[in-house]
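The structure appears below as structure tokens.
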Amino acid sequence: AHTLRLVLGDQLNPLHPWFEQVDDEVVYVLMEVRQETDYVRHHAQKVLAILAAMRDFARHLREAGHRVRYVALDDPSNRQTLPDNLAALMQAYSASCFEYQAPDEWRLDAQLKHWCAAQPHACSMVSSAHFYTEREDLATQFKGRQRWLMEAFYRRMRQQHGVLLDAQGQPEGGRWNFDPENRKPWPGHPAPPADSRPSHDHSALWQTVVQAGVATFGEPQAESLRWPLNRAEALAQLQAFVTHTLPHFGDYEDAMSSQSPRLFHSLLSFALNTKMLNPREVVQAAEAAYRSGAAPLAATEGFIRQVLGWREYVRGIYWAHMPGYEQRNALGHHAPLPAWFWTGQTQMRCLRTAIVQSLETAYAHHIQRLMVIGNFCLLAGIHPAAVHQWYLGVYIDAFEWVELPNTVGMSQFADGGLLATKPYVASAAYIHRMSDYCQGCAYQRQARTGDLACPFNALYWDFFERHRERFAHNPRLSMVLRQLEKFEPQERAAISERAAWLRGQVDEL
Ligand code: FAD
């Protein structure tokens, strides 16, 4: 009797315990299904990279001696959903047993549970053997608490896993948090590292995607796809990052530049989220660089905080609050997404740069996502679900378990402050301080009102005007609210008027 084992497109981990032994009774199934290409409109590179990496993974498994059934997008037998294909394959292989790795998305978790419940044969879910934490660990740690502080979770993770601790078990360097050191603008030097990622020609695969009629957006770059598509390539990228880039990661973690889309970020999220890389080996590589003197502590801590802290933390938030989290809208924002989110054609230079870059490369770094694009959406009162749909499609690393808490929680404050202690909003002054985007912009960064005033300014002050009562008791916002109170009543009225006009004109900005 055969066992069918399903490998999802973000479970491309050749080190999973499943693959330790070759067993002819086990058939590994990978499938390219319209269900997955169509649940949201994806960036072309995201569809291409996932399918190409799946194909590479299937090849790898076959070479290692495993039995593999690969259902391609245009395979005539493909029924285009997981349950329909599984039903057909269970029969075709006379399988009596079905196994799958825990999916990271609630959508797939529910679908597979539902399907399994209706099967006559044995079904079981095993761990994906990827994360440090279990789905429910975060909820257990914070049970009964109103605030689920990332910092508290992260410190516990450092202790539990012995990361960046000294001989006494204290944090290396005497502090847990080096954020204050990691907020410098980039002055134009040191030069960001050369792009060491591989380049693949996937134009044939792109033809298949187009012919199937999959609707995508953004540049496919099919002839030179720049993402790592297997573990060996992902490891090479990790090595290059730790050697050349990590030393400057901290200093310029929050900086933005039109000269360099990536600056000193790692570009590792796709490899991590598809599980080609394990977070432990990423954290260990960074810590080893610090121990050998190759990277400073602040940079290493800042980087490890993202992987050991934020990444595991948002996953815990996701599983604690799904389903339903995708519908949160605590601030009651309802405006549609501006049309230029699909073209980048706006006169605001910061947004144009960040969105055009996203459409061309399927990538933007954290501060572009949070403090330019997300900041604008929150200030302009865009519906958080519309913002979520866009983010879920546009980035190479976008999978709902990590995208949703970042967008709805951190960026749009739509969970009412569960994840973020204050809304991440800023006016032109912040964007100017951290980037070169304001240079040559059609708008005036210092003006709050007037036809050419940077839209971020009036929208920023008006955001606090509109939500004053909600934030009145938030100590992290008392300074901003005091400043607002100091404006003359006429100024406040002019700001509100300008903001209302901007919100009515969003497509034209
Ligand atoms: P680096 O800056 O080099 O960081 C290293 C790694 O840390 C990343 O690869 C990632 O795995 C992890 N990491 C960093 N920040 C976060 C974070 N806030 N949450 C979780 N993990 C983090 N990340 C995704 O992986 N998928 C998403 O769909 C996604 N959507 C986002 C949406 C919004 C609105 C915001 C504000 C952030 C989002 N992030 C998302 C988090 C973060 O922006 C990306 O992980 C990061 O930009 C990926 O680029 P990098 O690999 O160069 O990251």
Side-chain angles (χ1 to χ4, degrees), residues 1-33 36 50-72 75 77-78 82-83 85-105 108-109 111-113 115-117 119-135 161 228-239 270-285 315 399 401:
H2 284 119
T3 294
L4 227 64
R5 284 180 173 172
L6 175 67
V7 179
L8 296 170
D10 65 349
Q11 298 178 334
L12 310 180
N13 170 16
L15 303 184
H16 190 278
W18 267 359
F19 309 119
E20 278 166 15
Q21 275 173 3
V22 171
D23 182 346
D24 278 343
E25 298 294 301
V26 175
V27 181
Y28 291 97
V29 177
L30 291 94
M31 46 178 107
E32 303 176 348
V33 280
E36 292 307 294
I50 293 173
L51 298 189
M54 287 171 70
R55 290 177 177 208
D56 198 286
F57 191 69
R59 197 161 38 239
H60 165 87
L61 291 183
R62 284 198 183 106
E63 278 167 17
H66 299 288
R67 282 182 74 178
V68 177
R69 174 65 190 266
Y70 195 91
V71 184
D75 187 327
S77 74
N78 190 343
L82 291 181
N85 279 338
L86 286 176
L89 291 169
M90 289 299 286
Q91 208 172 20
Y93 288 97
S94 309
S96 57
C97 189
F98 172 69
E99 295 176 4
Y100 64 109
Q101 297 178 27
D104 285 329
E105 288 156 292
L108 293 175
D109 192 63
Q111 186 185 38
L112 287 170
K113 266 202 191 108
W115 185 76
C116 287
Q119 301 312 307
H121 41 255
C123 293
S124 61
M125 183 175 94
V126 304
S127 165
S128 65
H130 176 79
F131 292 97
Y132 281 94
T133 46
E134 300 298 327
R135 284 176 178 174
H161 297 282
L229 298 179
N230 56 46
R231 180 167 162 78
E233 291 176 357
L235 280 172
Q237 199 178 315
L238 172 62
Q239 211 43 58
F270 179 70
L272 271 167
N273 294 351
T274 52
K275 306 184 180 58
M276 295 171 191
L277 288 181
N278 186 277
R280 286 176 189 75
E281 64 194 334
V282 173
V283 165
Q284 280 158 12
R315 178 166 175 266
F399 296 92
W401 64 270

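Just so it is clear, the model here is predicted, and its values are computed rather than measured.
Taking each heavy atom of Ala129 and Asn278 in turn, the nearest pair found is O-ND2, 3.7 Å. Annotation for Met90 and Leu4: closest pair SD-CD2, 3.5 Å, computed over non-hydrogen atoms. Closest approach of Arg62 and Val68 over heavy atoms only: NH2-O, 3.5 Å. Between Ser77 and Asn85 the shortest heavy-atom distance is O-OD1, 3.9 Å. The two residues Leu12 and Pro14 come nearest to each other via the heavy atoms O-CD, 3.2 Å.
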In a table with atom names and distances, give each donor-acceptor pair under 3.5 Å that connects a side chain of residues 91-102 to protein atoms at least two apart or in another chain.
from: Glu99; atom 1: OE1; to: Arg5; atom 2: NE; distance (Å): 2.8
from: Glu99; atom 1: OE1; to: Arg5; atom 2: NH2; distance (Å): 3.3

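Arg231 is listed as a side-chain neighbour of Leu15, based on a closest heavy-atom distance under 4.5 Å. Between Gln21 and Val26, the closest side-chain pair of non-hydrogen atoms is not below 4.5 Å. The closest side-chain heavy-atom distance from Met31 to Leu86 is below 4.5 Å. Contact of the Arg55 side chain with the Leu30 side chain is not registered, since no non-hydrogen atoms from C-beta on lie closer than 4.5 Å. A heavy-atom distance below 4.5 Å is found between the side chains of Leu82 and Gln111. With contacts defined as side-chain heavy-atom distances shorter than 4.5 Å, the pair His66/Val22 qualifies. At least one side-chain heavy atom of His16 sits under 4.5 Å from a side-chain heavy atom of Val126.
With sequence neighbours excluded, the residues that form a ring pair (Phe, Tyr, Trp, His ring centres under 6.0 Å) with Phe131 are Trp401. Annotation: salt bridge (charged side-chain N to carboxylate O under 4.0 Å, His left out) contacts of Arg135 (sequence neighbours excluded): Asp109. Remark: Glu233 engages no residue in a salt bridge (charged side-chain N to carboxylate O under 4.0 Å, His left out) (not counting sequence neighbours). Partners of Arg59 according to the salt bridge (charged side-chain N to carboxylate O under 4.0 Å, His left out) rule, which considers only residues two or more places apart in sequence or in another chain, are Asp56.
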message: One pair to check against side-chain contact (heavy atoms from CB on, under 4.5 Å): Leu6 and Leu112. What are the steps and the verdict?
response: CA-CA 10 Å; Leu6 175 67; Leu112 287 170; 4.0 Å; yes
query: How far apart are the C-alpha atoms of Asn13 and Phe19, what are their side-chain angles, what is the distance that settles it, and do they pass the side-chain contact (heavy atoms from CB on, under 4.5 Å) test?
result: CA-CA 9 Å; Asn13 170 16; Phe19 309 119; 5.9 Å; no
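The backbone N or O of Asp10 lies less than 3.5 Å from no partner atom in the side chain of Asn273, so there is not a single donor-acceptor pair. Using modelled atom types, one side-chain atom of Arg67 and one backbone atom of Asp24 make a donor-acceptor pair closer than 3.5 Å.
Interatomic distance, Leu272 CG to Phe399 CZ, rounded to the nearest 0.5 Å: 11.5 Å. Here the OG1-CG distance, from Thr274 to Leu229, works out to 9.0 Å after rounding to the nearest 0.5 Å. Rounded to the nearest 0.5 Å, atoms CG (Leu89) and NE2 (His2) are 12.5 Å apart. Leu235 contributes atom CG, which lies 10.5 Å from atom CE of Met276 (distance to the nearest 0.5 angstrom).
Within the structure, side-chain hydrogen bond (donor to acceptor under 3.5 Å, both in side chains) pairs that include any residue of residues 120-133 comprise His130-Arg311, Thr133-Glu312 (at least two apart or interchain).
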